[in-house]
2 protein chains.
Amino acid sequence: MNVTATQASHPTDQCLKVSQVLARIGDKWSLLIVTRLGEGPMRFGQLLRSIDDISQRMLTRTLRGLERDGLVRRTVIPTLPPRVDYELTELGRSLQAPVTVLSNWAVENAPAMDAARASYDADPADRDG
Amino acid sequence: MNVTATQASHPTDQCLKVSQVLARIGDKWSLLIVTRLGEGPMRFGQLLRSIDDISQRMLTRTLRGLERDGLVRRTVIPTLPPRVDYELTELGRSLQAPVTVLSNWAVENAPAMDAARASYDADPADRDG
DNA sequence: CGGAATCCAGTTGGATACTG
DNA sequence: CAGTATCCAACTGGATTCCG
């Protein structure tokens, strides 16, 4: 693989891996779930209520995807009614730091992006001249 | 806004902003384009050829989106044939660092994710028991 | 060269109803 | 409680065609 650079300019090959990771966490709910689970293990119902705009179906599907990729561990306690706990794996926790960096950037620069978008939408003429 | 934490546990409000950013860079092409433009300004055709799996339509659309959000600046030189240069704005360049962190994580952990996925797909029975 | 417009397939994700 | 199954609307993104 020969990765020496820790800073930038990835060859095309590595861009693909980044795209794959983004495809995993870049959907509508994954990051939100990882962030919630970063606070500690949670039951299915807890997650469902703490995110609350998410549908049951999407919570199930997203958790399955995260479990499949080794980011989340699912533990079934076959009581009645059943109880299912979710928690981040070590791989999942290792993702927290990069996500935090991105989160901080997002929080800091969201106003700038909003302003840019508002400005862009304001005068469609001002650009192509 | 009152953001003091630089490390973790974002309240729900800030998670929305992160989701918005991910919606912006989490699509199929945005990050690839930002990475390319991180190497310097490029013309439309250069970008089209350097990514080359991208369709003309998606390159145009993605660039428009990035421009709209203030990450990319578009400069038209109305010669014949016309020439259009794209470059990162300051905001766009500020995104490079967070993206690099995520990229490095992706490159380092892609094998682990692949392995987890392979293992998950291998024995569907081994989990729910 | 750098688009815009149109058309179309595949995917995402929500609502609802049902199950062990 | 924690799902699964079905149906459906909206969005994404590719192929093609046309334009200044």
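Being a predicted model, the structure only gives us computed values, none of them experimental. We name chains A, B, ... by the order of the sequence lines, and we start the count at 1 in each one.
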Test: B/Arg73 and B/Asp85 ion pair at under 4.0 Å: no

N-O pairing of A/Arg49 and A/Asp52 below 4.0 Å: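 Looking at A/Arg49 and A/Asp52, the cut-off is not met.
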
Every protein N/O within reach of nucleotides 8-11 of chain D N/O, cut-off under 3.5 Å:
none

Between [N] atom [atom2] and [X] atom [atom1], what is the distance in whole Å?
{"X": "B/Met58", "N": "D/dT16", "atom1": "CE", "atom2": "P", "result": "17 Å"}
{"X": "A/Leu59", "N": "C/dT12", "atom1": "CG", "atom2": "C1'", "result": "16 Å"}
{"X": "B/Leu63", "N": "C/dG2", "atom1": "CG", "atom2": "P", "result": "11 Å"}
{"X": "A/Tyr86", "N": "D/dC1", "atom1": "OH", "atom2": "P", "result": "14 Å"}
{"X": "B/Leu32", "N": "D/dG13", "atom1": "CG", "atom2": "C1'", "result": "15 Å"}
{"X": "A/Lys28", "N": "C/dG13", "atom1": "NZ", "atom2": "P", "result": "7 Å"}

Check: B/Leu71 main-chain N/O paired with B/Asp69 side-chain donor or acceptor under 3.5 Å: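 No; judged by distance alone, with no hydrogens or angles, the pair does not exist.
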
Side-chain donor/acceptor of B/Thr62 to backbone N/O of B/Met58, under 3.5 Å: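 Yes, because the side chain of B/Thr62 sits within donor-acceptor range (under 3.5 Å) of the backbone of B/Met58.
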
Bend angle of the helix from C/dC1-D/dG20 to C/dG20-D/dC1, from helix axes over five pairs at each end, nearest 10°: 40°

Between the protein and nucleotides 4-8 of chain C, list the N/O to N/O atom pairs that are separated by less than 3.5 angstrom.
unit_1, atom_1, unit_2, atom_2, d
C/dA4, OP1, B/Arg64, NH2, 3.3
C/dT6, O4, B/Arg57, NE, 3.3

Closest to side chain of B/Pro81, choosing from C/dG20, C/dC1, C/dG3: C/dC1

Listed nucleotide nearest any side-chain atom of B/Trp29, set D/dG14, C/dG14, C/dG2: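 Nearest to the side chain of B/Trp29 among the choices is D/dG14.
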
5′-ward residue of the pair A/Leu80/A/Asp53 relative to DNA chain C: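 Between the two, 5'-proximity favours A/Asp53.
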
Touch class at under 4.0 angstrom, heavy-atom based, for A/Arg61 against every strand present: nothing

